[in-house]
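A short worksheet on the structure shown next.
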There are 4 protein chains.
Amino acid sequence: MEAVAQKAVLPASRRQPAGRKSQQRVREILQAGREVFSEKGYARATTAEIAQRLGVSEATVFSYFRGKRELCARVIGDWYDESIAAIEGGLPRDGTVRQQFAFIVRMHLQLMLESGTGICELVLSEGRTRHHDLSEALTEMQRRYTAPLMRVLARGQESGQIRNDLSLRLLRSLVFGPMEHVLWDATLANRRTDIDATADRLVDALWSALQPPNLELAALAQFSQDVGEAVRRLERERAAR
Amino acid sequence: MEAVAQKAVLPASRRQPAGRKSQQRVREILQAGREVFSEKGYARATTAEIAQRLGVSEATVFSYFRGKRELCARVIGDWYDESIAAIEGGLPRDGTVRQQFAFIVRMHLQLMLESGTGICELVLSEGRTRHHDLSEALTEMQRRYTAPLMRVLARGQESGQIRNDLSLRLLRSLVFGPMEHVLWDATLANRRTDIDATADRLVDALWSALQPPNLELAALAQFSQDVGEAVRRLERERAAR
Amino acid sequence: MEAVAQKAVLPASRRQPAGRKSQQRVREILQAGREVFSEKGYARATTAEIAQRLGVSEATVFSYFRGKRELCARVIGDWYDESIAAIEGGLPRDGTVRQQFAFIVRMHLQLMLESGTGICELVLSEGRTRHHDLSEALTEMQRRYTAPLMRVLARGQESGQIRNDLSLRLLRSLVFGPMEHVLWDATLANRRTDIDATADRLVDALWSALQPPNLELAALAQFSQDVGEAVRRLERERAAR
Amino acid sequence: MEAVAQKAVLPASRRQPAGRKSQQRVREILQAGREVFSEKGYARATTAEIAQRLGVSEATVFSYFRGKRELCARVIGDWYDESIAAIEGGLPRDGTVRQQFAFIVRMHLQLMLESGTGICELVLSEGRTRHHDLSEALTEMQRRYTAPLMRVLARGQESGQIRNDLSLRLLRSLVFGPMEHVLWDATLANRRTDIDATADRLVDALWSALQPPNLELAALAQFSQDVGEAVRRLERERAAR
DNA sequence: CATGAATGAGACTTCATTCAT
DNA sequence: AATGAATGAAGTCTCATTCAT
């Protein structure tokens with residue numbers, strides 16, 4: 001799985017070596033990169049520091065990766081790979097739609113928060129940065145990352161448990177949007193978050209949003225709306241006199 | 001209101017002039033800055049280009065703004081100021097909670113999408129960048145920006161139309177999260193978005209998520225609430241005569 | 001006297017006004033300049049601050065003085081003018097060569113130290129800076145400043161009280177060199193200096209250096225020298241065996 | 001000795017390389033710096049020109065030196081190091097106080113004048129500039145530079161050949177003051193100076209100033225001193241056989 | 001393979017100085 | 001006379017990236 005991801009993200013550096021030791025080097029650099037990017041964020045991280053942590057020259061880093069941008073993309077890509085594996089591996093195959101949905105939400109929060117605040121910040125932040133040529137790679141990663149949820153949602157729509165008057169794309173925003181927002185809030189406040197409690201509340205609230213609209217309720221709402229409007233119209237007419 | 005915000009964000013350069021022409025210059029630079037930052041994003045924008053667009057030297061830019069970072073903060077801050085004014089100014093004072101909620105959602109989408117794709121991207125992107133010292137200013141802007149929604153949500157909770165088992169903070173995430181996600185999706189896809197349709201769907205879905213868990217009761221509660229409000233309004237009218 | 005100095009130093013700014021109020025302005029600017037240059041030294045002083053102290057715009061300063069350099073030269077020039085006046089005015093006309101010499105030494109130290117450490121530092125420091133086009137003006141000021149001493153020295157040489165086997169120029173260095181060195185030492189150490197004591201010691205030591213060589217002493221010295229040499233020669237010869 | 005001095009003056013740039021070629025580069029840059037600073041003086045010299053002379057980018061210069069100020073400090077520091085070495089190396093160990101004194105005076109003039117007018121000017125001028133943070137380094141260099149003279153003076157005071165009613169500090173001013181003054185005169189006049197003649201005259205005049213007030217007694221004291229020394233030397237020789 | 005060294009580029013910054021009004 | 005505004009020029013600094021060995 002990793003190999004695939006790497007190919008997708010990395011056209012590979014011109015002189016990139018391919019031996020066994022090389023693989024090791026790549027991993028070391030990625031590790032150092034993850035640390036530094038996590039600690040400082042993309043902009044404030046320096047290739048010099050990454051190299052230094054390994055006791056390697058900057059040039060070495062650049063012989064394995066095309067550049068800072070790409071290295072960072074790989075760091076994030078690897079995180080996504082691990083996360084995708086965790087979600088796909090842990091998803092309760094036989095669970096109900098709601099169970100699977102809950103699992104994904106909880107897992108997402110867990111992965112983001114337990115990888116360390118740094119990585120969470122990095123992924124959220126870089127997810128909102130246009131990297132000229134690397135955006136597609138990132139977008140692709142995000143697509144793969146959200147794929148499990150998309151499948152669950154599609155299944156839910158088919159079985160009528162999830163409203164099908166909204167596109168999958170919009171539903172996805174409805175789910176990931178709040179999660180990201182909550183996570184970003186958490187990194188900003190640097191607040192320790194109770195994952196379980198937050199996950200429960202989110203699942204609860206989001207699940208309401210995903211359910212098919214209650215027709216009776218809608219009718220009542222419409223009725224109340226109509227009455228309200230009528231009253232207001234009357235007021236306006238009266239005022240105009 | 002603008003003045004306050006500007007003071008908060010900008011300690012301003014030492015030699016900053018203050019005359020009328022100055023004000024004009026500031027506006028011009030902000031305009032040029034908005035353009036360049038929008039087109040290139042923060043990182044790829046250069047102070048040199050901003051100056052050049054105005055046919056002005058970089059030194060001039062730096063005599064009005066402490067630096068790239070601050071200029072960008074002002075650009076974003078101004079956008080926020082305008083947006084806050086638009087939302088606070090347009091908010092239907094006498095509308096129902098749901099109407100006000102709908103207004104804010106629609107307005108948010110409109111402001112983001114009609115200010116030009118660039119600004120939308122910039123605001124969303126910079127909102128997720130830690131600028132060491134400027135983050136607080138930005139966070140404050142965001143707080144002010146979301147204040148109207150917070151008030152509506154609070155009002156809704158009081159009147160029982162909005163679930164009060166979730167914190168306002170979480171509710172905010174529930175609302176702004178999806179909106180931002182949708183907007184980011186849109187900028188990524190560079191897709192023309194039907195604001196009205198999207199807004200309607202979002203309002204609809206989000207409103208479900210905001211409802212108190214027991215939907216039927218909630219619907220009835222809201223209905224009685226609406227009728228009650230209308231009646232009270234009528235009475236006030238009558239009393240005023 | 002001042003007018004003369006000003007002419008020498010200042011070819012005057014193109015648009016320099018000449019009215020009475022102007023004279024006042026010039027004096028004000030010089031005053032502010034003296035303060036700022038004294039406090040910060042030439043390099044760290046800014047025209048902006050000088051203007052600011054007067055509540056005047058920088059441009060105003062530049063309409064009275066060609067530039068920072070020239071303003072500083074004028075500040076120093078004025079100090080020299082005052083000092084020259086003080087020395088020439090106070091010099092005991094009927095005093096002996098030694099009395100006049102002592103007066104000048106003491107006065108020099110006093111003027112330097114009592115004008116404030118800043119001015120002392122400024123004068124000493126700028127005296128050692130090549131100002132491209134202004135050096136001549138400064139040099140000329142220094143020439144005038146040292147003129148009284150030169151006259152005393154010349155009188156001393158004529159009357160045989162001061163050795164005349166050394167040029168006046170060298171004698172001047174012999175006198176001003178130590179004084180400047182002592183003063184610089186004092187500014188470096190920021191040490192409060194006892195002017196009277198220092199002056200007495202300096203006068204005493206310098207007076208020895210100025211006196212005609214004692215021939216008998218010289219003969220004895222030569223004799224001892226010869227004996228010493230002879231002894232050494234013997235030693236060397238013995239060692240070579 | 002050099003290493004120590006360099007460490008004291010230069011915390012060095014973060015990315016400073018350290019190989020052999022590096023050492024060479026450092027020397028080249030110092031050389032270029034010495035040239036440019038000598039020719040233009042500190043203020044008018046530009047880092048750009050220094051880099052250009054070497055056909056090197058400014059960034060390179062800044063990767064070896066923290067900045068213009070520091071580079072200049074090193075240039076001067078190196079000159080001091082060389083000079084100190086020359087003086088300490090050439091000082092006649094067995095010479096009389098007066099011989100050593102004369103040697104130092106002559107050497108000082110020689111070093112200043114034969115390193116090229118530029119360096120002389122630079123050293124004298126920068127010695128009188130407060131560089132905020134670098135002054136201490138310079139002051140320390142000057143302390144080391146004057147140390148040999150201080151030792152000689154102290155020895156002279158002990159043996160009664162030099163007046164001990166004046167502090168060493170004042171005596172130092174008495175010696176270096178005139179020398180610096182003469183040298184500055186020379187650079188101002190851009191005059192070719194006869195080093196030997198000037199040195200002889202200075203030594204002669206200064207020696208008088210250093211003598212104990214009572215000249216005849218002093219002369220005799222010195223004579224007996226000289227003879228005594230010679231005799232002792234002879235005895236030592238004899239004992240060693 | 002690794003790396004020492006160099007560097008282009010751009011951000012910032014500060015000022016003295018100029019000029020139109 | 002005065003000044004608000006602009007600016008050229010240089011310093012300072014930081015990095016990602018390249019390349020010859």
Side-chain angles (χ1 to χ4, degrees), chain A residues 13-17 19 21-22 25 43-51 56-69 71, chain B residues 13-22 24-25 43-49 51 54-70, chain C residues 13-17 19 21-22 25 43-51 56-69 71, chain D residues 13-22 24-25 43-49 51 54-70:
Chain A
S13 184
R14 254 164 311 172
R15 304 180 247 154
Q16 191 182 16
K21 284 181 184 172
S22 290
R25 252 298 121 93
R44 305 220 299 166
T46 67
T47 51
E49 183 168 0
I50 293 168
V56 174
S57 84
E58 264 183 280
T60 300
V61 172
F62 277 88
S63 77
Y64 285 93
F65 295 89
R66 263 203 215 299
K68 187 189 183 188
R69 187 90 265 162
L71 172 53
Chain B
S13 182
R14 248 166 311 177
R15 282 172 169 240
Q16 192 187 24
R20 286 151 210 183
K21 281 180 189 169
S22 263
Q24 180 56 26
R25 255 295 126 92
R44 304 221 301 164
T46 68
T47 50
E49 182 170 0
L54 262 119
V56 156
S57 84
E58 258 189 281
T60 300
V61 173
F62 278 100
S63 83
Y64 285 93
F65 296 91
R66 270 203 207 297
K68 189 190 182 186
R69 185 93 266 157
E70 181 180 287
Chain C
S13 184
R14 255 165 309 173
R15 304 179 247 156
Q16 193 183 13
K21 284 181 184 171
S22 290
R25 249 303 119 93
R44 303 220 299 166
T46 67
T47 52
E49 182 168 1
I50 294 167
V56 174
S57 83
E58 265 184 280
T60 300
V61 173
F62 278 87
S63 79
Y64 285 92
F65 295 89
R66 261 203 217 299
K68 187 189 183 187
R69 188 89 266 160
L71 173 52
Chain D
S13 182
R14 247 167 311 177
R15 281 171 171 241
Q16 193 187 24
R20 286 149 211 184
K21 280 180 189 169
S22 263
Q24 180 55 26
R25 254 298 124 91
R44 302 220 303 164
T46 67
T47 51
E49 181 169 0
L54 262 117
V56 157
S57 83
E58 258 189 282
T60 299
V61 173
F62 279 99
S63 82
Y64 286 92
F65 297 90
R66 269 201 208 296
K68 189 188 184 187
R69 186 91 267 157
E70 181 181 287

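Naming convention: chains lettered A, B, ... in sequence-line order (proteins, then strands); numbering from 1 in each chain. Since the model is a prediction, treat every value here as computed from it, not as a measurement.
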request  = Hey, could you give me the CD/OG1 distance between C/E58 and C/T47, rounded to the nearest 0.5 Å?
outcome  =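 C/E58 atom CD to C/T47 atom OG1 measures 3.5 Å (nearest 0.5 Å).
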query = Atom CZ of B/F62 and atom CD of B/E70: how far apart are they, to the nearest 0.5 Å?
reply =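 Those atoms lie 10.5 Å apart.
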ask   = Which part of the nucleic acid, if any, lies within reach of D/A51 when heavy atoms closer than 4.0 Å are counted: base, sugar-phosphate only, or nothing?
value =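 Nothing, no nucleic acid heavy atom in range.
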query = Do we see a donor-acceptor contact under 3.5 Å between the side chains of C/T60 and C/S63?
reply =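 No donor-acceptor contact under 3.5 Å links the two side chains.
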inquiry  = Both C/K68 and B/A48 contact DNA chain E. Which one's nearest nucleotide lies toward the 5' end?
reply    =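 Going by which nucleotide is closer to the 5' end, it is B/A48.
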DNA chain E: 5'-proximal contact among D/T60 and B/G67 (nearest heavy atom) =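 First, find each residue's nearest nucleotide; the 5'-ward one identifies D/T60.
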[X] [atom1] to [N] [atom2], straight-line distance once rounded to whole Å:
X: C/E58; N: F/dA6; atom1: CD; atom2: C1'; result: 12 Å
X: B/E70; N: E/dA11; atom1: CD; atom2: P; result: 16 Å
X: B/F65; N: E/dT13; atom1: CZ; atom2: C1'; result: 17 Å
X: C/I50; N: E/dC15; atom1: CD1; atom2: C1'; result: 12 Å
X: A/R66; N: F/dC19; atom1: CZ; atom2: P; result: 14 Å
X: C/R44; N: E/dT13; atom1: CZ; atom2: P; result: 18 Å

Any [X] side-chain nitrogen or oxygen under 4.0 Å from OP1 or OP2 of [N]:
X: B/Y64; N: F/dA6; result: yes
X: A/R25; N: E/dA2; result: yes
X: D/T46; N: F/dA10; result: no
X: C/T47; N: E/dC15; result: no
X: C/S57; N: F/dA2; result: no

message = On DNA chain F, does the nearest nucleotide to C/V61 precede the nearest nucleotide to D/R69 from the 5' side, or the other way round? Give the residue.
response =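 Of the two residues, C/V61 wins.
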query = Taking the nucleotide of DNA chain F with the closest heavy atom to each, which residue, A/A45 or D/A43, is nearer the 5' end?
reply =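 Between the two, 5'-proximity favours D/A43.
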key: Base-paired stems that DNA chain E participates in, counting runs of 3 or more Watson-Crick or G-U pairs under 3.5 Å   =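 So far as stems of 3 or more pairs are concerned, DNA chain E shows E:2-21 with F:2-21.
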inquiry  = Taking the minimum atom-to-atom distance to the side chain of C/F62, which one of E/dT18, F/dT12, F/dT18 wins?
reply    =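 From the listed options, E/dT18 comes nearest.
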request  = Between F/dT3, F/dC13, E/dT3, spot the one nearest the side chain of C/A59, thanks.
outcome  =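 Nucleotide nearest to C/A59's side chain: F/dT3.
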task = Could you tell me whether the side chain of D/R25 reaches within less than 4.5 Å of the side chain of D/L54, counting heavy atoms only?
result =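 The answer is yes; the side chains approach within 4.5 Å.
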